[in-house]
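Just the heavy atoms: all of them, side chains too, but no hydrogens, waters or symmetry mates, feed the values below. Since this is a predicted model, take the numbers as computed values, not measurements. Each chain gets a letter, A, B and so on, in the order the sequences are listed, and its residues count up from 1.
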2 protein chains.
Amino acid sequence: MTTYYDKHPKFHVAVDCIIFGFNKDGLSLLLLKRNMEPFMGEWSLMGGFVQTGESVDDAAKRVLKEYTGLDQVYMKQVGAFGDVNREPDERVISVAYYALININDYDKQLVEEHNGYWAGINDLPPLLFDHLQMVEQARELMKKKASREPIGFNLLPELFTLTQLQNLYEAIYGCTIDKRNFRKKVADMDFIEQTEFIDKTSSRRGARLYKFNDKTYSKSPKFRL
Amino acid sequence: MTTYYDKHPKFHVAVDCIIFGFNKDGLSLLLLKRNMEPFMGEWSLMGGFVQTGESVDDAAKRVLKEYTGLDQVYMKQVGAFGDVNREPDERVISVAYYALININDYDKQLVEEHNGYWAGINDLPPLLFDHLQMVEQARELMKKKASREPIGFNLLPELFTLTQLQNLYEAIYGCTIDKRNFRKKVADMDFIEQTEFIDKTSSRRGARLYKFNDKTYSKSPKFRL
DNA sequence: TAATTGAAGTGTAAGCTGTACACTTTCGTG
DNA sequence: CACGAAAGTGTACAGCTTACACTTCAATTA
């Protein structure tokens, strides 16, 4: 029987992940130098095809896990990219997601097997298809979100110094921030808690380590950095 | 020949439009009371399937034109909705868009033929599938955008009074705004220009009509309402 | 024609937020 | 024990946001 749906064409649907990491060198993306056809040797985002019986969101989670071993990662959809010729050989509609991960905490062997490498956000290689456009949109979206919600902590270790936190926001915003003003704001947020620990790796004097307290935040979710 | 792509499933891809309009009764959405199967008699957004050789953005524009006769409308993507069972009979991945139109300027006969009706944004009927979720996301997105970019004018006639403009923003934000503070802000924006015309329909005294000047705006795009 | 009605239009003061700005402390190294 | 390098700290000014109430105008009605 011919149904209502049969009249309409079907398409390959893919997901692509913009995976952000942060360290002392700033923000980076985890990219793939493709080690298989098609497009062997080219740089791209980590992606894959949506499968039957799998939601698009789940496909993005699966792909992230396949490439990094990570579960339960902070991910948000960037949007659908549906230009007819965005991939040259075949019509593929792709849904982009960005992910924020701790750059020290992923399955390095898996990444190596897939030929994954970190690239500085301001120093990206040429990317396949419309992946650069996806990155730019993701970055913009993440920046807006990070200014109003405490998502930046996903990019930091559990314990972090205020200097690290400031460096993170400087990297996200792409500008410098006054240290005293920054610390004044942080001091006003009860959910950024001082710990008893001192980080001795970055200075002789040592820097106080802080942590983000999710429960305290949810009681009074006022955030602005 | 079997290609790389053949291994992967294909899906119906649809677009759905959240069409905003504004008049003295506030914000409304243009909805469809379906006059054909499947789901005859149910309320839904205006939507359609992406066709071969047509970008997803173009599909949204086409659908909007099919239902309203309108071209060159302000439209933004809300995102992809890809849950496996979001439509009960068939797997369909849908990309939602919102559109801002002047509620007095569309093809009323076309809308009537399709069984389209305006419904107050705070008084929506039950909608098919995940359409309510799409509406909520669209509304949130539009609200954020409207606070930082002068997109609200797409919902107003070319000439409008300050009271209309304020009512619009009150409807978008869902709160009341102080009249003097609102007008102070408007007065600071050179691209909201007084005209020589007076609207006599809404009061005995008459109210000054204003217009939005796109060119002046692009010279100094500072907007905050 | 005077009174009424209803929306349009107008200014100021106080509090809060954002920003600019420079020196002292600490501790390990040489 | 002097030096280097990052951590840590407070104040003053400007600009922005907010709260708040009466007058003006023109058509309608008494």
- Task: Measure from CD1 on B/Ile198 to P on D/dA26 and round the result to the nearest Å.
- Result: 9 Å
- A/Phe160 has an atom CZ; how far is it from atom C1' of D/dA6, in whole Å? 18 Å
- Note on the structure: note: B/Asn167, atom CG; C/dA7, atom C1'; distance rounded to Å ~ 11 Å
- Message: Considering every strand and a 4.0 Å limit on heavy-atom distances, what is the contact class for A/Ser202: base, sugar-phosphate, or nothing?
- Response: sugar-phosphate
- Query: Where the side chain of B/Lys184 is defined as all heavy atoms beyond and including C-beta, which of D/dT18, D/dC25, D/dA6 is the nearest nucleotide?
  - Reply: D/dT18
- Query: Do the side chain of A/Arg205 and the base of D/dA7 come within less than 3.5 angstrom through a donor-acceptor pair of N or O atoms?
  - Reply: yes
- 5'-most by nearest nucleotide on DNA chain C - B/Asp178 or B/Thr161: B/Thr161
- Message: Regarding B/Arg208, tell me which of base, sugar-phosphate or nothing describes its non-hydrogen contacts under 4.0 Å with the strands shown.
- Response: sugar-phosphate
- Message: Just to be sure I understand the rule, does B/Thr163 reach a base, reach only the sugar-phosphate, or reach nothing, if contact means heavy atoms closer than 4.0 Å?
- Response: sugar-phosphate
- Query: Does the side chain of B/Tyr67 come under 3.5 Å of the side chain of B/Asp107 through a donor N or O and an acceptor N or O?
  - Reply: no
- Query: Taking NZ from B/Lys179 and C1' from C/dT10, how many angstroms apart are they, rounded to a whole number?
  - Reply: 9 Å
- Expressed in angstrom and rounded to an integer, what is the separation of A/Arg180 atom CZ from D/dA12 atom P? 13 Å
- Task: Can you tell me the distance, in whole Å, between the CZ atom of A/Arg183 and the P atom of D/dA6?
- Result: 13 Å
- Atom CZ of B/Arg183 and atom CG of B/Asp178: how far apart are they, to the nearest 0.5 Å? 10.5 Å
- Query: Can you find a donor-acceptor N/O pair under 3.5 angstrom joining the side chain of A/Arg204 to the base of C/dT26?
  - Reply: no
- Message: Under 6.0 Å between ring centres: does that hold for A/Phe212 and A/Phe160?
- Response: no
- Item | Among D/dG10, D/dC20, C/dA8, the nucleotide that comes nearest once only the side chain of B/Asn181 is considered | D/dC20
- Query: Between C/dA20 atom P and A/Phe182 atom CZ, what is the distance in whole Å?
  - Reply: 16 Å
- Task: Report which part of the nucleic acid A/Lys200 touches: base, sugar-phosphate, or nothing (heavy-atom distance under 4.0 Å, all strands).
- Result: sugar-phosphate
- Test item: side-chain donor near acceptor, B/Asp25 and B/Ser28, under 3.5 Å: no
- May I ask you to decide whether A/Glu66 forms a salt bridge with A/Arg62, counting only side-chain N to carboxylate O separations under 4.0 Å? yes
- Message: Whole angstroms only, please: what is the CG-P distance between B/Asp199 and C/dG6?
- Response: 18 Å
- Task: Could you please name the option among D/dA7, C/dT10, C/dA7 that lies closest to any side-chain atom of B/Ser203?
- Result: C/dA7
